[in-house]
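Just below is one structure, and these are the notes that go with it.
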There are 2 protein chains.
Amino acid sequence: MTSEKKDLPGWLIDSKLNTFSRKMGKKAVVYGLGETVRGINKRGWTYTSFCSDEPNHFEDKRSLYGAQNFFIIDDEDTVGYFWDTPESVEFDIGFSKIDEIIVRQTSPDVDIYVIEGKNKKEIVSEFRKLTGACYIPPKWAFGYGQSRWSYINEDEVREVVSKYEELGIPIDSVYLDIDYMERFKDFTINEEAFPDFAKFVKEMLDKGIHLVPIIDAGVKVEDGYSVYEEGVKNNYFCKKEDGTDLVAAVWPGKSHFPDFLNDEVRAWFGQKYKLLLDAGIDGFWNDMNEPAIFYTEDHLREVFDEIEEFKGKNLDIHSFFKFKEVVGDIDNNSEDFKRFYHNYDGVKIRHDKVHNLFGFNMTKAAGEAFEKISPDKRILMFSRASYIGMHRYGGVWTGDNKSWWSHLLLSIQQMPALNMCGFLYSGCDIGGFGADCTEDLLLRWLESGLFNPLYRNHAADYTRRQELYSFGETVDFKNIVGLRYALIPYIYSEFMKAALNNGMFYMPLAFEYKDERVNEIEDQLLVGESIMIAPIYKQNASGRYVYLPEDMKMVRFRSAFDYDEEVLQKGDHYVDVALNEVVIFIRPGHALPIAPVSKNVSDIDYSKIEWITYRCDASSYEMYNDDGYSRIN
Amino acid sequence: MTSEKKDLPGWLIDSKLNTFSRKMGKKAVVYGLGETVRGINKRGWTYTSFCSDEPNHFEDKRSLYGAQNFFIIDDEDTVGYFWDTPESVEFDIGFSKIDEIIVRQTSPDVDIYVIEGKNKKEIVSEFRKLTGACYIPPKWAFGYGQSRWSYINEDEVREVVSKYEELGIPIDSVYLDIDYMERFKDFTINEEAFPDFAKFVKEMLDKGIHLVPIIDAGVKVEDGYSVYEEGVKNNYFCKKEDGTDLVAAVWPGKSHFPDFLNDEVRAWFGQKYKLLLDAGIDGFWNDMNEPAIFYTEDHLREVFDEIEEFKGKNLDIHSFFKFKEVVGDIDNNSEDFKRFYHNYDGVKIRHDKVHNLFGFNMTKAAGEAFEKISPDKRILMFSRASYIGMHRYGGVWTGDNKSWWSHLLLSIQQMPALNMCGFLYSGCDIGGFGADCTEDLLLRWLESGLFNPLYRNHAADYTRRQELYSFGETVDFKNIVGLRYALIPYIYSEFMKAALNNGMFYMPLAFEYKDERVNEIEDQLLVGESIMIAPIYKQNASGRYVYLPEDMKMVRFRSAFDYDEEVLQKGDHYVDVALNEVVIFIRPGHALPIAPVSKNVSDIDYSKIEWITYRCDASSYEMYNDDGYSRIN
């Protein structure tokens, strides 16, 4: 429905302010909104859906990278809503008034979908039927990935791989951050660092390692650079009001932004991935596609002029902070998003009116191209920015988190809301991207994210190294990652079933159980049909409380081949979990396959699977498997 | 001991690197370090003791406002250490190596005190005997205080007070932030806003309201301003290497810093408080005394020169962030602390060598003056910066926290470590200073901080109003603050007993109980002899787990006169706590006095106290009381 045209049952509409509001009962819970800050229950804050390059995922941030305007209100009734608009929209979930939801639209031109179903699971499934089938990655992408900004050349990558080999820690991929490119130019290779890229890709593949390069949204302005020159010649870049190409800076300095909303541009940009696919690459991550803007050329000029005003003055409380703001607010400045335009079917549209579709369409460009270039074989693709529907073309990672215990917890809480929108292939930067990681944080994060489809350790430049061999003793890391590999048959099976049946891989407990206690559980999740997790997310904790909504079998893993089983009764438990242990809980009537630990995903020996079962036998588990690379949908 | 001279038993000394290190057992817990980030157990991070104007209390921050180099290692042995140095010193508590403490000194010139005792409580008590008797505030300072940056004039203050009166919410103080001054000049009054300050102070006192003005460390450079002129004339300000007065900016713009390390300067500056005391003021908060430096005149000039270098360039990954840093790092720039000098008994000492003594000595200046100006009557004083020993002259508040749930938890965790150092009169900005508060956060914070000696709601400019009448319904706020007043006889009694006996008011459970579980409890505290608290610190939670190390009586308060009692057995419990409830736990053999709710502290009717007891009668409680204003030590 379009808000101008109809009523929205249960909501008050203020068509002057473009707001929709409704009351919430005291016990109402609101699920969804995808990748946002705070907990599983979104009550108590205002979220602004506006894809943002926001490396500071503080409690009071309103926007992160994604725009996923789908939520379920679980009140006396249970209803889902999808607020379909490419503009900024604000979801005030009990912030202004503790018992009220207020949706503040930028303009009235919004399609609102009311999604009904007999319960939350069914609402999600209905929503997913509406928005399309979920992207499916190659199976190797469920292995452990090691990343850092950046492994600077072949030898650094080789060193990482050989250290994992030496230590016997399984690994399937190494990520190439921005420095693999020649001066940060998309679809180029720094040939000093990687003199024969295709050969190196093969060398790595022969060891079972997939290299995953990053692709940025901005295209460097540089004469002689073919992507730049073709884009300029064909008017493929976003333009300023005066019709000239917008100059905005990202990593390479001055850049242009491809107009991804345009079919022709998408087809052109998508084909560029072929350069890397031809070199043997079979996975990518799309970055900086909110888009991130360090500055626009025009704004930077204004900034330098403004700075002049402060020179030689006695800067006090008022002027000093204004001066700092002039410079501090340069990057991702909201006004910059109004300085450029898209060409959509010949219509000129100002960027901020369609902002949330930019990253989506960059990833769609890749996804559409992959279908043509690689019609048989799946290609790994995940993106930082996203919008509802992008889940058909790729997954997401949750961007530049920090090595904070609170972000470990956040990463658990974000997963179900992403899954609701169809972003099943997703995960966080394990160990944290910004800030310095500690040995215990990394270990706990590997444990808490043990089931994350995207299982990648990534860290920023200038932070402490956090490869698994960086902290002295490695045996605990080896055991935990080994356990991950032993669990991949289950992870892959449950992931695929969720993907093919419009289901969720990670679910809040309240999607399955009915007692009131589960509505407030923010630190336990269901993973697939068999498992509940209850990770440790506090430093120096060697145990935690767990609520069991029914009798379950607790399995305490020290490694894939060293574990105990114990049946626990429905109710509250305090459970010891040493730093090198993981506990999971098997639901009654369910089974968990455990494979032998393998060096990488392709080596997993399904013939040697053992089963941990609870009140059933192994036959009760329906295992999905396939060759792991053929396209499915 | 001085590290050059002796061994430190159990520690390895590297005299080249100026480091001390020792191993920690797997279960060792480290308590202390005063006001720092992270939990009660300091393991797993590096803390740099260097008083810092740091409004972002993130998990990965190394320095906050205080420098409180006292900690207890609770390993196979239990020992306390006080690292006495006015310079920066780094405490790496299992960060670099998970099983090691490394103390990194700036220079070898450090006195290390080894504090022994038969348990943690006794070690604290020994340490406090060494460092002197604790500051005691007037009793009214235990009442509720309302603050905001800023109530701009008389009428705004009157409005606040009358709203509390109308609603019947008890209140004892209103704080005056920087705008009460004339252009941010210490010891002046903005006479447009407060035309007859003394009369207004009296008007408020007649209503039972104490006004508490802020005093800043920096003195505005302004001809005709007596504090400035006297300071210049007498060489009372910190000087640059060339002997001229350092020009550094804070709120008023260009300012000088009094050389608080100098006895004569302290005596001079301390006497200035008399201007306000004579107007009827009886409480102050000392701010910006790390010192905070927006910029030094010399550095700002350099910054503008550096900015020139970036003009007209194609700013890329390297240069753009460098440009941002040049401006972003202006304030509290570490190099600025090396640009000025103190005159200590005729010896010129570079500031960074004695940095951590600056705020201490500003507060000492006030405390020494108060003893002379007000020899009979106590004056409220608390400070932002601090060092060990400053607890003799005032309390502290924990600075510019944010309206974050994680900071609510942090504020609970910081209290015992502050208490260890003798900072008994302390508290956080309830509701959070920066960022926007919500109704539920404010309510939970008032509940979690119910026993904080300093019970003040404070918020920054540009944030959502958070006076207790700002969120619609006020009855819950009224009930909770009413309960606070009902508990003041207990709070004051326990505070005074701790102050007079070198004890702690807030204690970790592990200081009293021996079972292993309590070593990991980071969200429950003992308050005085009778009470354990277990606050709710998660949004949307209507209950929590509580561990009882012995049988206790749970009291569930909806208000001071509406409560239930229930005896719970030793062990784990899940306890419901609705948003408008507080639960506390009474220890066996202990009693809790409950007074009738009063309008302010002076009205508390001790003759009508009721008692909640558990396995004892009221006579088992030794109640301390006094007139609430006469000086004691």
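Here is the naming used below: chain letters follow the sequence lines, and residue numbers restart at 1 for every chain.
Note on Glu297(A), Lys26(A), Glu308(A), Arg517(A): by heavy-atom pairs under 4.5 Å with chain B, the leading option is Arg517(A). Each of Thr438(B), Asp572(B), Asp576(B) has some count of heavy-atom pairs under 4.5 Å with chain A, and the biggest count is that of Asp572(B). In terms of heavy-atom pairs under 4.5 angstrom with chain A, the leader among Trp405(B), Trp251(B), Trp404(B) is Trp404(B). Annotation: maximal heavy-atom pairing with chain A below 4.5 Å, among Gly312(B), Gly44(B), Gly94(B), Gly39(B), occurs at Gly44(B). Of the listed residues Glu520(A), Glu439(A), His407(A), the one with more heavy-atom pairs under 4.5 angstrom with chain B than any other is Glu520(A). Ranked by heavy-atom pairs under 4.5 Å with chain B, the list Val326(A), Val221(A), Ile330(A), Thr46(A) is led by Ile330(A). Heavy-atom pairs under 4.5 Å with chain B were tallied for Ser403(A), Ser319(A), Ser96(A), Ser255(A); the largest tally goes to Ser96(A). Looking only at heavy-atom pairs under 4.5 Å with chain B, the residue among Asp436(A), Asp440(A), Ile178(A) that has the most is Asp436(A). The residue among Val29(A), Val250(A), Val303(A), Ile307(A) with the most heavy atom pairs within less than 4.5 Å of chain B is Ile307(A).
Nearest heavy-atom pair, Gly328(A) versus Lys324(B), reported as atom, atom and distance to 0.1 Å: O-NZ, 3.0 Å. Nearest approach of Lys538(B) to Tyr537(A), heavy atoms of both residues: NZ-OH, 3.3 Å. In plain terms, the two heavy atoms of Tyr295(A) and Leu315(B) that are nearest each other are OH-O, 2.7 Å. Minimum heavy-atom separation, Asn540(B) to Arg43(A): ND2-O, 3.1 Å.
Neither the backbone nor the side chain of Asp461(B) has a heavy atom closer than 4.5 Å to any heavy atom of chain A. For Phe471(B), no part lies under 4.5 angstrom from a heavy atom of chain A. Interface remark: Phe310(B) contributes backbone and side-chain atoms alike to the contact with chain A (heavy atom separation under 4.5 Å). No part of Arg544(B) comes within reach of chain A, as not one of its non-hydrogen atoms sits under 4.5 angstrom from that chain. For a residue to count as touching a neighbouring chain, one of its non-hydrogen atoms must lie under 4.5 Å from one of that chain's; by this rule Arg464(A) touches chain B with the side chain only. Looking at Arg38(A), only its side chain comes within 4.5 Å of chain B, counting heavy atoms on both sides. Interface residue Ala541(A): backbone and side-chain heavy atoms are both found under 4.5 Å from chain B. Looking at Leu300(A), the atoms closer than 4.5 Å to chain B (heavy atoms on both sides) all sit in the side chain, from C-beta outward. In this structure, chain B has no heavy atom under 4.5 Å from any part of Leu441(A).
Around the NZ atom of Lys570(B), the shell of radius 6.0 Å holds more than 12 heavy atoms that belong to other residues, nucleotides or ligands. The environment of NZ in Lys23(B) is crowded: more than 12 heavy-atom neighbours from other residues, nucleotides or ligands sit within 6.0 Å. Atom NZ of Lys311(A) has more than 12 heavy atoms from other residues, nucleotides or ligands within 6.0 Å.
Note that the CG atom of Asn56(A) and the CG atom of Asn56(B) stand 8.5 Å from one another [nearest 0.5 Å]. Taken from CD in Glu473(B) to CD1 in Ile98(A), the straight-line distance is 11.0 Å, to the nearest 0.5 Å. The distance from atom OG of Ser542(A) to atom CD of Glu516(B), rounded to the nearest 0.5 Å, is 7.5 Å. The structure places CG of Asp179(B) at 6.0 Å from CD1 of Ile317(A), a figure rounded to the nearest 0.5 Å. Separation of atoms OH (Tyr545(B)) and OH (Tyr574(A)) is listed at 11.5 Å; rounding is to 0.5 Å. Distance NZ/Lys254(A) to NZ/Lys313(B): 11.5 Å, rounded to 0.5 Å.
Taking the six-membered ring for Trp, Phe58(A) and Phe58(B) have ring centres closer than 6.0 Å.
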Go through Asp60(B) and Lys402(A) one step at a time and tell me if the salt bridge (Lys or Arg N to Asp or Glu O under 4.0 Å) criterion holds.
-> CA-CA 9 Å; Asp60(B) 63 326; Lys402(A) 293 198 196 291; over 6 Å; no
Stepwise, does the ring-ring contact (aromatic ring centres under 6.0 Å, His included) test hold for Phe304(B) with Phe323(A)?
-> CA-CA 11 Å; Phe304(B) 280 115; Phe323(A) 165 59; 5.2 Å; yes
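Below 30°, between 30° and 60°, or above 60°: for Phe320(A) and Phe294(B) the angle between ring planes is below 30°, a parallel geometry.
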